[in-house]
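This report refers to the structure that appears directly beneath it.
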Amino acid sequence: MKEAAVEDLHQYRNLSEFFRRKLKPQARPVCDSHCVISPADGKILHFGRVKNCEVEQVKGVTYSLESFLGPQTWTENLPISKTSFQDQLVTKEGNELYHCVIYLAPGDYHCFHSPTDWKVFHRRHFPGSLMSVNPGVARWIKELFCYNERVVLTGGWQHGFFSLTAVGATNVGSIRIYFDRDLQTNSPRYSKGSHNDMSYVTNNNQDGIVMRKGEQLGEFNLGSTIVLIFEAPKDFTFNLKAGQKIHFGEAVGSL
C-alpha cells in the first residue's frame with residue numbers, strides 16, 4: 001500500500017476499486033535505455049521469437065497466431081507472395097516476429113501502460129468465454145487465450161508491426177482501454193471465434209492513436225494476461241528470464 005496513490009484501504013469502496021488502484025508517480029520509473037518496457041506488473045510466462053505461426057502459452061502448450069489475433073484485415077495492399085500468417089505481419093525485410101506473455105495475478109497493480117512509442121491503428125474485441133488465465137489452468141486447456149475474452153490492439157512502431165493484447169480472466173473480462181469509450185467488454189454475447197473490429201485511422205486522422213512509452217493505456221478488473229507480439233530486427237534481445245517477476249516500466253528488451 002505504500003506504493004498506492006491512496007494508501008488508506010478504507011478509501012476504496014470495493015475490491016474492484018482496490019485492484020485498479022493508481023500508484024504514486026515515482027513508484028514505477030520508466031526505463032529509458034530499452035525500447036520495449038513491461039506494460040504491467042506481473043510474471044513473465046514466455047518470451048522469444050515466434051516460430052511456426054504459433055506462440056507459446058505455458059510450457060509445452062502453444063496457440064495459433066491467427067486464431068489469437070484473428071484474420072489479418074487491418075492493413076491493405078499486403079504482398080501476395082507472403083503465404084504464412086506470420087510472414088504477413090512482418091513488414092520489413094530481415095525482421096523477425098517476437099512475443100512476450102505477462103501474467104497479472106489478482107494482487108498485482110491492474111493498470112497497464114504503453115510498452116513503447118507506437119501508433120495504434122486498430123482494435124479487435126473477442127467477447128470470448130471467460131476462463132482462468134492462471135498458468136496451472138492454461139497448461140491443460142489448449143489455446144486457452146483464444147477462448148478467453150480479449151482486446152487486440154494492433155499498429156506500428158519504428159521497426160514495423162506492433163500489437164498488445166489484453167486477455168480477460170475468470171468471470172471478470174472487464175477490460176478498459178482509456179482512449180476507446182466505445183469498447184464494451186464482459187457482455188454475454190459469446191459465440192466462439194466471433195469478434196468486432198474498430199479502426200482508429202480515419203480520413204482526418206491517418207496516425208491512429210499515438211502512444212508514448214509508459215503512457216497509461218488501460219486497466220483490468222482482476223488478474224489477467226498481456227501478450228505482446230511485435231516485429232523487430234534480428235538483433236533484438238530480451239532482458240528477461242522465464243518465470244521472473246516484473247514491474248511496469250522495467251526493461252523487456254532492446255536493440
Side-chain angles (χ1 to χ4, degrees), residues 1-5 7 19-50 55-56 89-90 92 95-105 107-121 133 135 151-167 175-179 207-220 223-255:
M1 290 308 297
K2 289 177 182 173
E3 294 179 335
E7 292 186 37
F19 283 135
R20 293 179 286 112
R21 65 194 177 276
K22 299 291 186 276
L23 300 182
K24 291 171 182 167
Q26 67 274 23
R28 295 287 183 274
V30 173
C31 176
D32 288 331
S33 57
H34 289 69
C35 56
V36 182
I37 60 165
S38 177
D41 286 10
K43 180 182 178 182
I44 301 294
L45 293 188
H46 287 287
F47 62 92
R49 288 186 184 180
V50 174
V55 176
E56 203 165 344
L89 297 179
V90 177
K92 296 183 180 180
N95 277 3
E96 298 276 358
L97 202 62
Y98 297 88
H99 77 291
C100 179
V101 182
I102 304 163
Y103 169 66
L104 288 73
D108 287 323
Y109 166 61
H110 273 43
C111 297
F112 51 95
H113 300 247
S114 177
T116 193
D117 293 335
W118 64 309
K119 295 175 181 177
V120 187
F121 301 144
V133 293
V151 176
V152 181
L153 300 177
T154 55
W157 70 319
Q158 60 178 328
H159 303 296
F161 173 80
F162 199 96
S163 72
L164 179 149
T165 301
V167 183
I175 301 165
R176 187 175 163 208
I177 303 296
Y178 294 140
F179 59 70
D207 283 341
I209 307 293
V210 178
M211 296 298 299
R212 294 279 164 244
K213 185 169 73 171
E215 193 176 343
Q216 286 201 336
L217 185 52
E219 63 188 40
F220 292 111
S224 295
T225 299
I226 289 178
V227 181
L228 304 179
I229 299 171
F230 58 93
E231 168 187 1
K234 288 180 178 175
D235 56 351
F236 180 87
T237 53
F238 285 98
N239 190 43
L240 301 172
K241 291 179 182 174
Q244 78 170 73
K245 289 287 289 178
I246 197 165
H247 287 127
F248 152 61
E250 291 178 348
V252 162
S254 64
L255 290 156

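Numbering starts at 1 and runs along the sequence shown.
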Checklist outcome for this item: Rounding to 0.5 Å, atoms CG (Leu217) and CZ (Phe248) come to a distance of 10.5 Å

Next on the checklist: Would the distance check show the side chain of His113 and the main-chain N or O of Gly214 forming a donor-acceptor pair, the cut-off being under 3.5 Å?
Outcome noted: yes

Item to check | Whether Glu231 side chain and Lys92 backbone form a donor-acceptor pair below 3.5 Å | outcome: yes

Item to check | side-chain contact (heavy atoms from CB on, under 4.5 Å) partners for Ser38, two or more places apart | outcome: Ile102, Ile246, Val252

Next on the checklist: Run the ring-ring contact (aromatic ring centres under 6.0 Å, His included) test against Phe162 and tell me which residues pass, sequence neighbours left out.
Outcome noted: Trp118, Trp157, Phe230

Next on the checklist: Restricting to side chain to side chain donor-acceptor pair (under 3.5 Å), what partner residues turn up for His99, sequence neighbours left out?
Outcome noted: none

Next on the checklist: If the condition is side-chain contact (heavy atoms from CB on, under 4.5 Å), which residues does Glu96 pass it with, not counting sequence neighbours?
Outcome noted: Arg49, Tyr98, Lys234

Next on the checklist: With rounding to the nearest 0.5 angstrom, report the OH to CG distance, Tyr103 to Leu45.
Outcome noted: 8.5 Å

Checklist entry - Of the non-hydrogen atoms in Tyr178 and Cys111, which two are nearest, and what is the gap between them? => result OH-SG, 3.7 Å

Next on the checklist: Let me confirm one number: the CZ-CD1 distance from Phe112 to Ile175, rounded to the nearest 0.5 Å.
Outcome noted: 7.0 Å

Next on the checklist: With rounding to the nearest 0.5 angstrom, report the CG to OG distance, Leu153 to Ser114.
Outcome noted: 10.0 Å

Item to check | Minimum-distance pair of heavy atoms, taken over all atoms of Cys31 and His34 | outcome: SG-ND1, 3.4 Å

Show the atom names and distances, to 0.1 Å, of all donor-acceptor pairs under 3.5 Å that link a side chain in residues 235-244 to residues at least two apart or in another chain.
{"from": "Thr237", "atom 1": "OG1", "to": "Ser254", "atom 2": "O", "distance (Å)": "3.4"}
{"from": "Gln244", "atom 1": "OE1", "to": "Lys241", "atom 2": "N", "distance (Å)": "2.7"}

Item to check | Donor-acceptor contact present, side-chain Lys213 to main-chain Val30, <3.5 Å | outcome: no

Item to check | Shortest non-hydrogen contact between Val167 and Ser224, atoms and distance | outcome: O-CB, 3.0 Å

Next on the checklist: Has Thr116 got a side-chain atom pairing as donor or acceptor with Val36's backbone, closer than 3.5 angstrom?
Outcome noted: no

Next on the checklist: If I take atom CZ from residue Phe161 and atom CG from residue Leu97, how far apart are they, to the nearest 0.5 angstrom?
Outcome noted: 7.0 Å

Checklist entry - Taking only residues at least two apart or on different chains, which pairs with a member in residues 21-32 satisfy salt bridge (charged side-chain N to carboxylate O under 4.0 Å, His left out)? => result Glu3-Arg28, Glu7-Lys24, Lys22-Glu219, Arg28-Asp41

Checklist entry - If you take all heavy atoms of Cys100 and Ile44, which pair is closest and at what distance? => result SG-CD1, 4.2 Å

Checklist outcome for this item: Applied to residues 242-255, the salt bridge (charged side-chain N to carboxylate O under 4.0 Å, His left out) test, sequence neighbours excluded, yields Asp108-Lys245

Checklist outcome for this item: For Asp207, the side chain to side chain donor-acceptor pair (under 3.5 Å) test, sequence neighbours excluded, returns Lys119

